[in-house]
Amino acid sequence: MERIGIFGGTYNPPHLGHIQAAVYGKTALNLDKLYLIPSHISPHKEIPTGSPTPEQRLKMVTLAAEGTDLTVSDMELSRGGASYTYETVLTLRHQHPGAELFLMMGTDMFLTLDSWREAQLLLSQVTPVVFYRGDKGEREQIEEKRQFFASQGISSVVMENPVTEISSTQLRRMLVFDCAAPFLNEKVLAFIRDNGLYGTGRNYTNLPMEELEKVVCSLVKPNRVAHILGCRDTAVELAKKWGADETDAARAGLLHDITKALDGPLQLTLCDQYGMELDAFSREYPKTLHAHTGAMVAERIFGENEAVVSAIHSHTTGKAGMNILEKIIYVADYMEPNRRFDGVELLRAAAFADIDKAMVMGLEMTVSLLKKEGKTISKESQEALEDLKYKP
Ligand code: FE
Ligand code: FE
């Protein structure tokens, strides 16, 4: 019996994770043919505004699949409208009447599969294949669903995805930061750049304040926007109080967490792509790296001045001999209006009365928290504290 695989998606953009998973799945399931089918309009995923056209996504999938034995199909694009998988499956069933059809998907899709349009019809035609890569909780959810399907006479295949995945959302951030090369086929990356897709053609240096705010908000996680704007506003207030440059304070406030959405491995990738050497502490705590990577992005991508860059650089750990803008960003980040913890009001009052005292309070809170969690305190924080506390 012919064995046919179906791997749909928005492919926005198609990355090496998609192709490697498809190639792996085709071999592991011993498929005769595996169709990559970019959707026209996905019923599952809203495509962000400014995304490539469906034709550009098809072109990228075609480039990504070059040199593999995967088959790219434009059937959902040429059908137009919303891309319902059951319609695609019926078309393929017509083309391969006696075949066993395997529908490949990630965890999220598998868990919601029975609520898809015409799910019963769809599941009567295909064997679902789920690629998982997540933690134990995810595996348990999948197993529960697999058993649920089995109780209805539907068999499904659960496969561990050996490929390091990256989400398309993260990939789009990495494209703007100019370090997406490890995740994309060369030709796909060239196509993206040639066509200025995903904001790659844009010059981000010296953006006017309003534009900068828009770009920053599009690159951070939605739940971080309030913090960033709060930090910006607080930094400007503190700059007024302490006679620092208000524009620099606003720009550093906006940009300080620009790479915060990247997880540990992506932080390391960014450092690698920018040729930055890392110390042992940073490797152990890649979360603190967002200050370093944020500073690099502020400099290289946004063309910010030295004062802004160094204020971003020291915003998580502090350092010895901080200048006024560096102190302002450190403190503003700690006590902007969205921060809630015991003692935050005292810190807010100190920030406008004695910024060095506020620095010491912030550093001491960080140190005691790290101690409680049994974590290492960075050399920079220790030096900052000594410098501020024992300075004559
Ligand atoms: Fe931060
Ligand atoms: Fe922050």
Side-chain angles (χ1 to χ4, degrees), residues 170 173 176-177 212-213 215-239 244 248-268 270-271 274 276 278-279 281-302 304 307-319 322-323 325-341 343-344 347-348 351 355 358-359 361-367 369-370 373 375-381 384:
Q170 292 289 36
R173 293 187 177 112
V176 173
F177 301 153
L212 182 66
E213 180 180 327
V215 169
V216 168
C217 292
S218 75
L219 289 170
V220 299
K221 287 188 182 161
N223 64 4
R224 188 148 290 270
V225 168
H227 164 68
I228 279 166
L229 300 181
C231 182
R232 187 258 328 259
D233 295 342
T234 305
V236 170
E237 288 307 307
L238 288 170
D248 284 352
R251 298 183 81 87
L254 280 176
L255 282 162
H256 81 283
D257 277 341
I258 187 69
T259 60
K260 180 93 175 180
L262 305 180
D263 58 19
L266 288 178
Q267 294 287 343
L268 296 175
L270 193 149
C271 292
Y274 282 21
M276 177 186 154
L278 289 174
D279 55 20
F281 180 85
S282 306
R283 289 209 175 268
E284 192 179 348
Y285 300 107
K287 241 180 106 182
T288 61
L289 270 177
H290 80 273
H292 297 242
T293 55
M296 288 195 293
V297 164
E299 186 180 5
R300 295 192 193 197
I301 306 297
F302 293 93
E304 295 297 329
V308 169
V309 170
S310 85
I312 296 170
H313 196 271
S314 57
H315 90 265
T316 53
T317 59
K319 64 175 182 184
M322 289 170 86
N323 65 33
L325 186 67
E326 289 163 344
K327 289 175 187 171
I328 285 172
I329 296 302
Y330 182 94
V331 171
D333 182 35
Y334 226 116
M335 57 62 141
E336 58 84 17
N338 299 284
R339 294 285 197 196
R340 307 213 195 298
F341 53 87
V344 71
L347 185 58
R348 282 184 187 132
I355 188 117
M359 277 297 309
M361 286 169 77
L363 286 161
E364 283 183 334
M365 278 190 269
T366 303
V367 166
L369 190 74
L370 290 174
E373 292 173 355
K375 291 181 179 159
T376 318
I377 293 137
S378 76
K379 195 171 106 263
E380 286 82 0
S381 295

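Just follow the structure's listing: the first ligand is 1, and inside any ligand the first atom is 1. Residue numbers start at 1 and run along the sequence shown.
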Just verifying a value: how many Å separate F341 CZ and M365 CE, rounded to the nearest 0.5 Å?
4.5 Å
When rounded to the nearest 0.5 angstrom, what is the spacing between CG in D333 and CZ in R339?
5.0 Å
Show the numbers, then the answer: is there a side-chain hydrogen bond (donor to acceptor under 3.5 Å, both in side chains) between S314 and E380?
CA-CA 9 Å; S314 57; E380 286 82 0; over 6 Å; no
Side-chain donor-acceptor pair under 3.5 Å between T293 and Y274, yes or no?
no
Without hydrogens or angle criteria, can the side chains of E336 and H227 be said to hold a donor-acceptor pair below 3.5 Å?
yes
Does R232 use its side chain to pair, donor to acceptor, with the backbone of L254 at less than 3.5 Å?
no
Restricting H290 to its N/O/S atoms, the closest one to the Fe ion (ligand 1) is NE2
Listing protein N, O or S under 2.8 Å around the Fe ion (ligand 2) gives H227 NE2, H256 NE2, D257 OD2, D333 OD1
